[in-house]
Amino acid sequence: MVIEESSNYKKDYRKIIINKHMIREQERINNIKNIILNSKNFQELLCSPYKDIYRIEKKKGNLKEYYTTHVNSKFRLFMKPLGKYPYNSLEITSIEFIKIDDRHYGEG
């Protein structure tokens, strides 16, 4: 699979993760990237045991086309498969990282 990074994600990553020297969070995001890159398609990603380890979940309501994964107890990474909703997960071979969110969890 292919990962595309939005400008919001790059800004959040630099502001939240890099500037605050969050080493464990950097490693966790790199692990998530490796899992995605090693998957053949979106279906394989959603069926892998890593889905439960990294808590890859589909959002509900207005954000139903987005997926999130937990970076730590405060931060979530928002992802979106590239393609038209509803997705045929066998055809999705690219994911976009949208943003890193701490709105619901705050600074602790």
Contact check, side chains of Tyr9 and Glu96, non-hydrogen atoms, under 4.5 Å:
no
Is there a path of hydrophobic side-chain contacts, each under 4.5 Å between heavy atoms of I, L, V, M, F, W or Y residues, that connects Leu82 with Met79?
no
Taking the six-membered ring for Trp, is the centroid-to-centroid distance between Tyr67 and Phe42 below 6.0 Å?
yes
Mark yes or no for whether Tyr87, through its side chain, and Glu65, through its backbone, hold a donor-acceptor pair below 3.5 Å.
yes
Quick one: are Leu37 and Met1 in side-chain contact, heavy atoms under 4.5 Å?
no
Is there a side-chain contact between Gln26 and Ile29, using heavy atoms and a 4.5 Å cut-off?
no
Glu57 side chain reached by Arg76 side chain, heavy atoms, under 4.5 Å
yes
A side-chain contact here means heavy atoms from C-beta on lying under 4.5 Å apart; do Glu4 and Lys80 qualify?
no
Any salt bridge linking Lys33 with Glu5? Criterion: basic side-chain nitrogen under 4.0 Å from a carboxylate oxygen.
yes
Do any N or O atoms from the side chain of Thr68 and from the backbone of Phe78 form a donor-acceptor pair under 3.5 angstrom?
no
Between CD1 on residue Ile100 and CE on residue Met22, distance to nearest 0.5 Å:
9.5 Å
Donor-acceptor pair between Glu91 and Asn88 side chains, under 3.5 angstrom
yes
Approximate separation, where rounding is to 0.5 Å, of Glu25 CD and Ile18 CD1
11.0 Å
